[in-house]
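Shown next, in structure tokens, is the structure this report addresses.
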Amino acid sequence: MTEAADLKECKLKHMKCELNVLSKSDGSAILSQGETVTLISVNGPLDIKVQNQSIEKCYLEVLFCTKGGRPSVPDRYKEHIIRQTCESAIMGSLYPRTGITVTIQELEDYGGLLSCAVNCACLALLNSGLAMRYVFAAVSCAVDETGNVILEPTYQEVMNAKARFNFVFDSRNKNLITGFSEGIFSEAAYEEALEMSRAASDLVFTFYRDIVTKYSNVI
Amino acid sequence: MKVSVGDVVLPGDYCEEISAAGEKSKVIVGPGLQKESNHVYVTKAGVLKKKNPNTYWVDYYQKRYTPARGENVIGIVIQKAGDIYRVDLGSSMSAALSYLSFEGATKKNRPNVQIGDVVYAKTLVGSKDMEPELVCVDSYGKKGRLGVLTDGFLFKCSINLIRKILNPSCPLLDSLKNEWPFELAAGMNGRIWIKAKTMRETIALGNAILGAEYLSDEEIKAMCANIASILAGHVA
């Protein structure tokens, strides 16, 4: 993977994070990637309605609140993507007949909201102390008009892009666990974006480890 | 990623040291670790710790309690149901406390426990598949320090703080107990009950405990001295 080597110099947007920002919730994180900011609260395992209880695994609920506060169909779709991603990572069988709630609040959206929300969800889950199979990292890509693949596009680039991708990888084998794409693109562009994102996901995993190292020193 | 003891770990990391030790002798795999096929995987973010011989666990941050057997917890009675009390521990399910599991209780002589009372109890059953069960007596039928906590003040904190103040090497309680008298019960479910002579002392005690969460041993000692001098009226 020579490509991976020179991508080490490639930059993701600058990430800043604070864990345990909310005093009442079991786990919370605020993450900014460039100018995009999300705040996530995780609560659980909780007691839930009998109709939602499952005897073999926990019930995961994801709520997405936009800046405007009015839920729309694309938001429900985002909820669904994040729920499926989190569900694959959380060891739900350890928490039967309980519910876990992940609440996402969008604070600023300058492109890459979905990948920011997924990364923030992972950090909030780490903070809550729920058992997970692996950590996951999301990276966004875009294809511009000339067919070039851009990693972590800016707001302007997202607006002008022909296609947009979001890839989520696990930390064990860097397998793709979620892929979400919109627009018109060629198969080659998809492959290129996938490999670029896979290499860039390393940076996100390093970032997670740095954050956990910082707070592990004080507990 | 491959990790070893003392490292900061994330879910999905594996430790070959544990699997290698497991081939030679028995290994106790504690919280935050999970055996999967031939590797031991980490499931929680924290620091991998080891206690000789062959006990491994991950020290991680946690606020929500999941019941485990044999822990002393503080609960609030929320319901009387037939011959059991329902007790809220802050976990996903309320716990059951039989009225016979108090010292000297018989079918005719029921203990005086009301809804809203705070009880200090031990978990007898703590399993993911069953509801937690509490007792207020030890195996000899003596109550020891368990039972209903009257008066005082109850507050919540993270589970790490409870572990920190109960650690024998932590100077917090040693420093505070020399300054003014108080009673304290720490439940492993992240609840602390305190009782001092005056309200001023109770508030000072509560603030001292909550303030100690992210401090080092030296800083804790300095903070305790500071609070004691404020309480004594030397500092305005």
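It should be emphasised that the depicted structure is a prediction, and the values quoted were computed from it without experimental measurement. Throughout, protein chains are lettered first and strands after them, A, B, ... in sequence-line order, and every chain is numbered starting at 1.
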Quick one: side chains of residues 8-17 of chain B, donor-acceptor pairs under 3.5 Å with protein atoms, not counting sequence neighbours, listed by atom name and distance.
{"unit_1": "B/Asp13", "atom_1": "OD1", "unit_2": "A/Arg209", "atom_2": "NH2", "d": "3.1"}
{"unit_1": "B/Asp13", "atom_1": "OD2", "unit_2": "A/Arg209", "atom_2": "NH1", "d": "3.1"}
{"unit_1": "B/Asp13", "atom_1": "OD2", "unit_2": "A/Arg209", "atom_2": "NH2", "d": "3.2"}
{"unit_1": "B/Asp13", "atom_1": "OD2", "unit_2": "B/Leu10", "atom_2": "N", "d": "2.9"}

Option from A/Asn127, A/Asn43, A/Val42 for which side chain to side chain contact (heavy atoms under 4.5 Å, CB included) with A/Ser25 holds: A/Asn43
To the nearest 0.5 Å, what is the distance between CZ (B/Phe182) and CG (B/Leu176)? 5.0 Å
Can you see which heavy atom on B/Gln62 is nearest to which on B/Arg64, and at what distance? NE2-O, 2.9 Å
Check residues 41-53 of chain B and write down every donor-acceptor pair under 3.5 Å in which the side-chain atom is one partner and the other belongs to a residue at least two apart or another chain.
{"unit_1": "B/Thr43", "atom_1": "OG1", "unit_2": "B/Gly32", "atom_2": "O", "d": "3.3"}
{"unit_1": "B/Lys44", "atom_1": "NZ", "unit_2": "B/Tyr60", "atom_2": "OH", "d": "3.1"}
{"unit_1": "B/Lys49", "atom_1": "NZ", "unit_2": "B/Asp59", "atom_2": "OD2", "d": "3.1"}

Is it the backbone or the side chain of A/Asp170 that comes under 4.5 Å from a heavy atom of chain B, or both, or neither? neither
Of the backbone (N, CA, C, O) and the side chain (C-beta and beyond), which part of B/Ser158 lies under 4.5 Å from a heavy atom of chain A, both, or neither? neither
Under 4.5 Å from any heavy atom of chain B - which part of A/Met132: both
Ignoring hydrogens and geometry beyond distance, is a side-chain donor-acceptor pair present between A/Asn20 and B/Tyr61 at under 3.5 Å? yes
Answer with side chain, backbone, both or neither: which region of A/Thr213 has an atom nearer than 4.5 Å to a non-hydrogen atom of chain B? both
Note: A/Lys78-A/Glu106 ion pair, threshold 4.0 Å (strictly below): no
Contact part of A/Leu125 toward chain B, heavy-atom cut-off under 4.5 Å: side chain, backbone, both or neither? neither
Heavy-atom contacts under 4.5 Å, residues 44-52 of chain A to chain B: A/Gly44, A/Pro45, A/Leu46, A/Asp47
Let me have the donor-acceptor pairs involving side chains of residues 30-38 of chain A, under 3.5 Å, with sequence neighbours excluded, atom names and distances please.
{"unit_1": "A/Gln33", "atom_1": "OE1", "unit_2": "A/Cys116", "atom_2": "N", "d": "3.4"}
{"unit_1": "A/Thr36", "atom_1": "OG1", "unit_2": "A/Tyr110", "atom_2": "N", "d": "3.2"}
{"unit_1": "A/Thr36", "atom_1": "OG1", "unit_2": "A/Gly111", "atom_2": "O", "d": "2.7"}

